[in-house]
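All remarks here apply to the structure that follows.
Heavy atoms only: backbone and side chains are in, while hydrogens, waters and symmetry mates are out. Lettering of chains follows the sequences in order, A, B, ..., and the numbering in each one begins at 1.
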Amino acid sequence: MRDFMRILQLHSNFIEYIPIQKEIALAEEAKKEEKRLEEIVVLFTAVEEDDNEAVALKAIDEVQAFLQKLKVNRILIYPYAHLSSNLAKPAKALEVIKRMEANAKEKGLETYRAPFGWNKQFTISIKGHPLAEQSRTILPTEAEKEEKVSEAVKAEKKIKSSWNIIETDGKMVSVEKFDFKGYENLEKFARYEMSKVRASQHMPPHVKLMKKLEIADYEPGSDPGNIRWYPKGRLIKSLLEQLVTTKMAEYGAMEVETPIMYDFEHPSLAGYLDRFPARQYILKSENKKLFLRFAACFGQFLIVHDAQFSYTQMPLKVYELTHYSFRREQRGEVVGLRRLRAFTMPDCHAFCIDLEQAKKEFITRFKLCMKILEEIGFFRDDYEAAIRFTRDFYEENKQFIKSLAEIFGKPVLSEMWKDRFFYFIMKWDFNFVDNQDKAAALSTDQIDVENAERYDIFYVDEKGEKRHPLIMHCSPSGAIERCVYALLERAYKEQKCGKAPTLPLWLSPTQVRIIPMSDKYLKHSEKLVDDLKVKHIRADIDDRALTMQKRIREAEMEWVPYILVIGQKEIASNVLPVRDRKAGKIRKMKLEELTGEIKEIIKGMPFKPLPLPKRLSKRPQFYG
RNA sequence: GCCCCGGUGGCUCAGCCCGGUAGAGCGGCAGCCUCGUAAGCUGUUGGUCGCGGGUUCAAAUCCCGCCCGGGGCUCCA
């Protein structure tokens with residue numbers, strides 16, 4: 001927290017003061033005689049710890065503006081320590097006060113100053129008008145504020161990268177020479193990464209969709225980038241979370257839970273903060289300065305630091321789904337669900353014996369991440385890969401890097417750093433390219449060569465000696481919110497191509513909507529819903545007193561994948577007219593055929609029941 | 001964090017330039033309609049014009065500060 005200069009500003013009929021005795025060694029020379037000044041604005045001034053010359057100048061500016069209103073041109077600067085509990089050092093305070101005095105004189109004010117460092121006796125008579133008494137806090141202007149930014153954030157600005165495309169056969173071609181025909185998405189991604197130049201007039205389309213579909217919305221009662229999730233959105237998020245967590249458990253990672261806030265002064269953490277390119281939320285509690293975690297690294301590292309393990313148990317895999325991670329992203333960067341200040345991130349660390357083991361594990365995880373994105377519902381054309389490494393790493397591991405491109409099956413962007421700026425020697429990331437041609441990273445994995453030492457993490461090798469492992473940092477899907485963003489942006493792309501936008505069936509809040517022709521068929525509809533529920537299919541009934549056409553329209557606008565209209569014919573024949581969103585037509589099916597088809601599509605995916613009342617008439621409207 | 005644009009019933013937006021009693025559509029509610037695959041009809045409700053301050057006889061409208069949203073810079077999961 002920063003402190004500011006404090007000034008108590010009093011429009012006085014007169015003030016009389018006598019210096020009594022020096023209070024500090026640095027006190028100025030002064031005569032112990034009474035001084036009387038009339039028709040004057042007295043500035044009782046306290047200089048605080050972080051104040052500087054710029055603040056002094058600004059203070060005088062503000063005071064001058066005030067004087068003009070009062071039509072007074074005479075001031076007394078009266079050093080008055082009692083206004084603050086966080087005073088600057090006397091030498092500094094005196095310097096700032098002298099600066100104020102000099103500046104006021106330069107501005108043509110008739111300026112007096114009481115001596116600094118003295119215990120003084122004073123009598124003051126203050127005028128009775130409303131503006132006579134004012135207290136001010138002088139804040140430095142924005143440009144003068146020095147934001148504390150991690151070394152890594154600063155370092156990023158200096159990074160020199162060289163950019164290439166690695167083809168699936170391992171051939172490396174500079175981005176300028178690569179023929180992007182057939183790889184338009186990769187081209188957009190490469191351009192985005194390299195130049196960061198893009199022009200966008202509108203807000204990203206997923207923002208409108210997330211509101212209209214009642215998935216999520218901004219929360220003005222919080223900080224920007226902290227989102228509210230409505231029941232449908234919470235369901236989608238929760239299912240994604242379950243999928244990723246299940247996949248990580250199958251992979252062999254041990255799920256843990258760690259605190260969301262950490263001690264700023266903890267020796268390992270303080271060092272790490274400077275190595276991670278992110279800004280933090282900071283909070284004070286009692287005497288402690290705490291920061292909110294921006295990843296699960298610390299918690300897991302502190303656990304593993306205290307754990308005992310040997311090479312026989314490695315790679316050791318630890319996983320956490322952070323609810324939440326916090327990054328105080330720059331204001332202009334926080335948009336919709338693309339970039340948040342609070343986000344849910346699956347974070348898995350693998351502790352490896354050596355680079356050989358790390359590389360092997362890296363490949364396993366690379367494939368695992370591709371698999372997870374596929375299961376979520378992303379197609380291969382939805383995302384592009386980037387592989388980034390230091391020049392040294394590349395020289396010694398060319399074959400390994402090539403093999404990643406081969407596994408990916410499409411050309412990948414590569415970024416080579418001349419020097420190592422971060423704690424990792426290499427990383428890869430999968431990136432979604434959205435409707436504004438902006439790229440956002442989903443899955444990522446890194447090989448960390450620094451933090452085992454920083455956190456004093458070690459394993460016992462085959463000779464019984466303690467050694468630091470290599471640490472791999474992987475987010476298998478990227479932030480969960482970002483997956484939702486990508487799914488919505490992808491749906492919008494489909495819509496632009498003239499297709500009906502959809503969410504993957506396993507994530508659709510309502511999978512089957514039943515529309516009874518009239519109240520007469522409500523009972524039958526209820527039974528249908530219950531039959532589907534037993535089969536773990538989310539179905540609901542639009543029982544509102546609206547025309548059938550209107551209810552169909554609304555179901556379509558909710559992106560419901562299957563819509564069933566129930567009337568006399570259906571009850572009589574047992575054949576259902578299924579309005580299939582994907583197929584874009586009505587298909588006559590038996591109930592068993594429909595449930596069979598749905599079960600087949602969502603086989604193996606997590607399930608949660610409908611998060612809303614099954615009758616639409618009982619639902620509140622959260623948006624619109 | 002900086003620069004630019006915006007904020008008007010629950011939602012989408014008009015009015016602001018040029019100050020003078022706050023408008024529409026959607027939604028909600030009530031009633032009618034009981035409907036065969038993307039908007040049935042009628043009535044009605046609902047607004048501290050983002051918040052605070054200033055100018056003015058008078059502010060949604062002009063000025064200043066702040067908050068929130070969008071775009072750009074910069075940056076990332």
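Here the separation of G53(B) from C11(B), taken at their C1' atoms, is 31 Å to the nearest Å. Comparing the P positions of G23(B) and G15(B) gives an interatomic distance of 15 Å, to the nearest angstrom. When the C1' atom is used for both C13(B) and U8(B), the distance is 9 Å, rounded to whole Å. A77(B) and G47(B): their P atoms are spaced 47 Å apart (whole Å). The separation of G52(B) from C33(B), taken at their P atoms, amounts to 48 Å, rounded to a whole angstrom. Across U61(B) and G25(B), the matching P atoms stand 25 Å from one another, rounded to whole Å. Separating the C1' atom of G9(B) from that of C26(B) is a span of 12 Å, rounded to the nearest Å. Taking the C1' atoms as reference points, A60(B) lies 15 Å from C18(B), given to the whole Å.
If you take CZ of Arg513(A) and P of U37(B), they are 19 Å apart, rounded to a whole angstrom. Between Met203(A) atom CE and U12(B) atom C1' there is a gap of 11 Å when expressed in whole angstrom units. Regarding Ile552(A), its CD1 atom lies at a distance of 8 Å from the C1' atom of G36(B), rounded to whole Å. Summarising the geometry, the separation between CD on Glu219(A) and P on C67(B) is reported as 17 Å, rounded to the nearest angstrom. In this structure, CD of Glu558(A) is placed 16 Å from P of A38(B), rounded to the nearest angstrom. Atom NZ of Lys208(A) and atom C1' of G71(B) are 14 Å apart (whole Å). The nearest whole Å value for the distance from the OH atom in Tyr319(A) to the C1' atom in A77(B) is 14 Å. A straight line from CZ of Arg328(A) to C1' of C75(B) spans 13 Å, rounded to a whole angstrom.
Not a single donor-acceptor pair under 3.5 Å links the side chain of Arg327(A) to the backbone N or O of Arg293(A). Without hydrogens or angle criteria, Arg513(A) side chain to Pro561(A) main chain gives no donor-acceptor distance under 3.5 Å.
If you check G28(B) for Watson-Crick or wobble pairing at under 3.5 angstrom, you find it paired to U44(B). The pairing partner recorded for U34(B) is none, the criterion being a Watson-Crick or G-U wobble arrangement whose two distances lie under 3.5 angstrom. Nucleotide A59(B): unpaired (no Watson-Crick or G-U wobble partner with both distances less than 3.5 Å). Pair check for G1(B) finds C73(B); Watson-Crick or G-U wobble, both atom distances under 3.5 Å. In this structure C17(B) sits in no base pair that meets the Watson-Crick or G-U test at under 3.5 Å.
When each of Ser443(A) and Asp223(A) is assigned the nucleotide of RNA chain B bearing its nearest heavy atom, the one mapping closer to the 5' terminus is Asp223(A). Between Met345(A) and Val207(A), the residue whose closest nucleotide on RNA chain B is further toward the 5' end is Val207(A).
Ring centroid separation for the pair Phe366(A) and Trp428(A) comes in under the 6.0 Å cut-off. Ring centers of Tyr383(A) and Phe430(A): under 6.0 Å apart, within the cut-off.
Judged purely by distance below 3.5 Å, without hydrogens or angles, the side chains of Asn226(A) and Glu219(A) never pair a donor atom with an acceptor atom. Side-chain polar atoms of Tyr192(A) and Asn431(A) form no donor-acceptor pair below 3.5 angstrom.
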One character per nucleotide, please: for nucleotides 3-11 of chain B, 5' to 3', B when the base has a protein heavy atom closer than 4.0 Å, S when only the sugar-phosphate does, - otherwise. -------BS

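The structure places CG of Asp542(A) at 8.5 Å from CZ of Arg619(A), a figure rounded to the nearest 0.5 Å.
Closest approach to the Met548(A) side chain among C68(B), A77(B), U37(B) is made by U37(B) (side chain taken as heavy atoms from C-beta onward).
Taking the side chain as every heavy atom from C-beta outward, Gln280(A) and Phe294(A) approach each other to under 4.5 Å. Counting only heavy atoms from C-beta outward, the side chains of Ile372(A) and Ser443(A) never approach each other to under 4.5 Å.
By the salt bridge (Lys or Arg N to Asp or Glu O under 4.0 Å) test, Arg388(A) is found to be paired with Glu193(A), Glu415(A), Asp429(A), residues two or more places apart in sequence or in another chain being considered.
In this structure, Arg339(A) pairs ionically with Glu329(A), as a charged nitrogen and a carboxylate oxygen lie closer than 4.0 Å.
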Between the protein and nucleotides 40-50 of chain B, list the N/O to N/O atom pairs that are separated by less than 3.5 angstrom.
from   : atom 1 : to        : atom 2 : distance (Å)
G40(B) : OP2    : Thr547(A) : OG1    : 3.1

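Put simply, the side chain of Arg551(A) and the base of A38(B) share no donor and acceptor less than 3.5 Å apart. Side-chain N/O atoms of Glu556(A) and base N/O atoms of U37(B) include no donor-acceptor pair closer than 3.5 Å.
For the segment residues 565-584 of chain A, the set of residues with a heavy atom within less than 4.0 Å of an atom of RNA chain B comprises Val565(A), Gly567(A), Gln568(A), Lys569(A), Glu570(A), Pro577(A), Arg579(A), in numerical order.
Looking at heavy-atom distances under 4.0 Å, Glu481(A) makes no contact with the nucleic acid at all. Among the protein residues, Ile563(A) comes within range of no part of the nucleic acid, since none of its heavy atoms lies under 4.0 Å from any strand. As judged by a 4.0 angstrom heavy-atom cut-off over every strand, Met517(A) is placed among the base-contacting residues. As judged by a 4.0 angstrom heavy-atom cut-off over every strand, Lys427(A) is placed among residues touching the sugar-phosphate backbone only.
Listed by first and then second residue, the side-chain hydrogen bond (donor to acceptor under 3.5 Å, both in side chains) pairs that reach into residues 565-579 of chain A are Glu556(A)-Arg579(A), sequence neighbours excluded. Annotation: salt bridge (Lys or Arg N to Asp or Glu O under 4.0 Å) contacts involving residues 377-386 of chain A, sequence neighbours excluded, comprise Asp382(A)-Arg490(A), Glu384(A)-Lys410(A).
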Which is it for Tyr319(A) and Leu321(A) under the side-chain contact (heavy atoms from CB on, under 4.5 Å) test, yes or no, and what are the steps along the way? CA-CA 7 Å; Tyr319(A) 166 79; Leu321(A) 183 71; 3.7 Å; yes

